[in-house]
> 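Sharing a structure with you now.
Positions are given from 1, in the same order as the sequence printed here.
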Amino acid sequence: MRIVTLAAFTVAVLAFTTEGPSAERPRPTAPADSVEVANLQAFAALYGAVRFFHPSDQAAETDWDRFAALGASRVLDARTPDDLRRALASVFGPVAPSIAVYRSADGPPVLAQWLDAADVLVAWQHLGVGLGNPGPVYQSVRLGRRPPVESAPFGLFVRGLDASPLQGRRVRLSATVAAERGQAQLWLRVDRPEPSRGFFDNMDDRPITDAAAVRYTVEGPVADDAVGLAFGGFVLQGGAARFSDVTLEATTAGGDWEPIPLADGAFDAPDAADGWALPSAGYVYDRVAEADGTPALRLATSTATGPARDLFAERPAPGETVTLDLGRGLSARVPVAVASRDGQTAPAPDPDALAALRTALAEVDPSDGGRATRAADVIAAAAVFEHFYPYADLVDLDWRAVRAQALAAALAAETPRAHCRALRVLVAHLRDGHGNVGCAGLPAPARLPFLVDRVEGRVAVVAADDASEVHVGDVVVSVDGADASAELDSLSALVSGSPQWRLWRAAREFGAGAEGSTARVEVERAGQRIVRSVPRDVGPAPAEARPEPIAELRPGVLYVDIERVSDSLLTTRMPDVVAADGVVFDFRGYPRQLGPWFLAVFADRPIVSALWEVPRTLRPGAPGGAGADTSRWAPMPPAEPHARGRAVFLTDGRAISYAESILGIVDHYGLGTTVGGPTAGANGNINPFVLPGGHRVTWTGMRVRRHDGATLHGVGIAPDVPVRRTLAGLRAGRDEALDRAAEIAAGAE
């Protein structure tokens, strides 16, 4: 399916972390069956149920990232079950006053009778799960409560300048920012003539979550042909932050910084709109003062409410509860439907305990990287997956065991990279090609100047930079002394998805290391062992050799690379496509600029996509327990003139998501012959979220099957004609899958 969330592309390919031969491996000091892990397990079980299913007003107003870190810190050192029970009560009681944590042997206490016929039912409904991403695909609402007004995905303030006087210089945007809730970011963009792109940084890899006022900076180059400069700050939906003392500077000829005058950079002008554009619907802009009197702009998601609405008809029964086994001899009873009386969910919490909790939460720094925060990252991620992963039945995970392993690794992680690895292992359990972790605070990995694949059981070079001393067809024996095959297997274990997708992703990370470092690479070439010192680079990976985006492979046979062709370009060449004896569509990649419309010239009846199913969930641990919302692309009728030749579609493990939506239509309706390897087996919109420590997680939030109901996830679409690379073909410079596709397109079957 084409991605319509904040990430309009398959982020899984782009946001990997360095895990080369010298990467740290976590050394567990707290085994998965330790008391510490058992305590965190109890907190985690209750955290997911209360955060997503207990509908009290206090829970709905809680900062759950800070709550995860605070709760983890409070339960870590509980020595006895009673200590643990008291710790859980201290953190959950104020936000969920109707839950009960008790000794399992004693049984639950008598359920308080606060429900009556006059009360309003309050309960959660989840369509997928709403995690702050824009759009109608994934939503969560509380029945009996009016939701906030629809807000833009982010609220921003913005300023634009002519970049001509700044060409060839560097610019630096700075501001003091305090994040009251959620996250804030600064952004700076350099505009160049289309289609060129200039510098852009929006702090997406280092969002601001600190409640204290801290100075932040974004810096970058202004291209020699730059025409404009745009900059400002923003908060994500649901967030609030204060911005003060915004400055913009540029380098001089001598390399010093000089200020660029900004009207109202200090937010002390009488009119909030003086000099700044404040364009975001659903956000409130206020002039405020910091404690020391410094003027600031407060930007916050509006708390105004819209009309009450249900996502679907099903709802929990009044007073319905779920019982959780917390471990260590404890259980919990959690209401999933409560009453609202006099405008407040019942029962009311202890006001002193609630005030004390809120004070404690305000003091939490979820980005400190400490043990409690690392545990909170695992707890928050596992809670989403355990309750909402639409393929839970396919992966059939024991979440208690998976969570225990991840918690032990997170507690033992001695470096940020080791913690990132623990999070990647957790996500890998999903076997979801969209599953990935973008780890905050880690430098971008530097790659080797070549790309590998597993060919005939060996790690072989399939693409190389022009200047590389490693050549296509070389067999890599080792990198920095580490066995190449074992290293590729190790990296593959950190990737979520099907075997073919894991191999592709691992191959792109193979041998990565620190920027500016040099790798010692041993290869086999012509029967000889050769050792080369190979520099690493942060630029894009080398591309495998392919024809031009649209090219004639042989007389009458046309080639179309869907990764490099746009709708407008293909439209101009459709007469050639229709008239060709055969067309090879290369789907070994992602069609970023191409719609599925071109398939209609090969169809003899209306064609539709497979169904996309967004789970409806009411209760913990039961994704889709209330059914699913379904949708699909509108039917496409056959197009005239009809193509007269054969259609062949090249595929392999790189064909993921939207590419599989198109290939699923090809497969079901028999629009052509597929050649190569199986597709990635991961389709459906992602639903990204950010962990307490600032790490960004992607995963698939909906279920997509094949047209006939068969499983696509983790399997992919198998080709009609399998073709595998050979070492001889690589060394001869042949693209064997493309050669076979061209033969079929030409009718030489």
Side-chain angles (χ1 to χ4, degrees), residues 6-9 11 14-18 154-177 179 183-210 214-236 241 243-266 275-277 279 297 299 367 438-447 514-516 536-541 690 694 696:
L6 281 175
F9 50 86
V11 287
L14 304 177
F16 57 80
T17 60
T18 305
F154 48 82
L156 77 162
F157 61 94
V158 58
R159 172 76 57 83
L161 295 176
D162 178 11
S164 301
L166 304 172
Q167 291 175 348
R169 301 163 70 182
R170 293 186 68 82
V171 290
R172 181 168 70 186
L173 173 70
S174 303
T176 300
V177 188
Q183 68 184 56
Q185 294 163 229
L186 300 177
W187 64 280
L188 175 63
R189 188 186 73 224
V190 176
D191 295 325
R192 300 173 62 195
E194 292 290 344
S196 300
R197 294 290 183 267
F199 171 81
F200 176 71
D201 184 357
N202 67 355
M203 299 184 68
D204 198 43
D205 60 341
R206 55 194 192 285
I208 301 166
T209 58
D210 195 335
V214 177
R215 195 75 175 162
Y216 297 92
T217 296
V218 175
E219 177 186 331
V222 181
D224 291 339
D225 60 350
V227 295
L229 196 70
F231 55 92
F234 64 92
V235 297
L236 290 187
F243 300 82
S244 60
D245 190 21
V246 179
T247 62
L248 188 67
E249 302 167 283
T251 53
T252 65
D256 298 324
W257 291 97
E258 65 178 3
I260 299 173
L262 289 181
D264 197 32
W276 295 100
L297 175 70
L299 177 52
S367 62
C439 292
L442 293 180
R447 62 164 181 83
E515 182 178 0
R536 295 184 172 97
D537 182 66
V538 294
V690 178
R696 187 173 186 268

> In terms of ring plane angle, is the pair F234 and F154 parallel, tilted or perpendicular, where the classes change at 30° and 60°?
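Geometry flag for F154 against F234: tilted rings.
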
> Applying side chain to side chain contact (heavy atoms under 4.5 Å, CB included) between F231 and each of V218, L188, N202, report the one that passes.
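For F231, the side chain to side chain contact (heavy atoms under 4.5 Å, CB included) test succeeds with only one of V218, L188, N202, which is L188.
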
> Is V235 close to F243 at the side-chain level, that is, under 4.5 Å between some pair of heavy atoms?
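F243 vs V235: side chains touch.
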
> Per the side chain to side chain contact (heavy atoms under 4.5 Å, CB included) rule, which among L173, D162, L248, D191 passes with L229?
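One option only clears the test, and that one is L248.
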
> side-chain hydrogen bond (donor to acceptor under 3.5 Å, both in side chains) with S174: which residues, sequence neighbours excluded?
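T217.
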
> Answer whether the closest heavy-atom distance between the side chains of D225 and P193 falls below 4.5 Å.
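Of all side-chain heavy-atom pairs linking P193 with D225, at least one is under 4.5 Å.
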
> Under the 3.5 angstrom rule, does the side chain of R169 hit a backbone N or O of T252 as a donor-acceptor pair?
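Looks like no, no N/O pair under 3.5 Å.
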
> Which pair of heavy atoms, one from V222 and one from A226, lies closest together, and at what distance?
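In this case the closest contact between V222 and A226 is CG1-CB, 3.5 Å.
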
> Return yes if some donor-acceptor pair links the side-chain N/O of R159 with the main-chain N/O of G232 below 3.5 Å, else return no.
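Pair absent, no side-chain N/O of R159 close to backbone of G232.
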
> What's the spacing between I260 CD1 and L166 CG if we round to 0.5 Å?
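The CD1 atom of I260 sits 4.5 Å away from the CG atom of L166.
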
> Answer yes if the side chains of R206 and S367 hold a donor-acceptor pair under 3.5 Å, and no otherwise.
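Absent: no donor and acceptor within the cut-off.
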
> Using 0.5 Å steps for rounding, measure from the CZ atom of R170 to the CH2 atom of W257.
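So the CZ of R170 and the CH2 of W257 are separated by 6.0 Å.
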
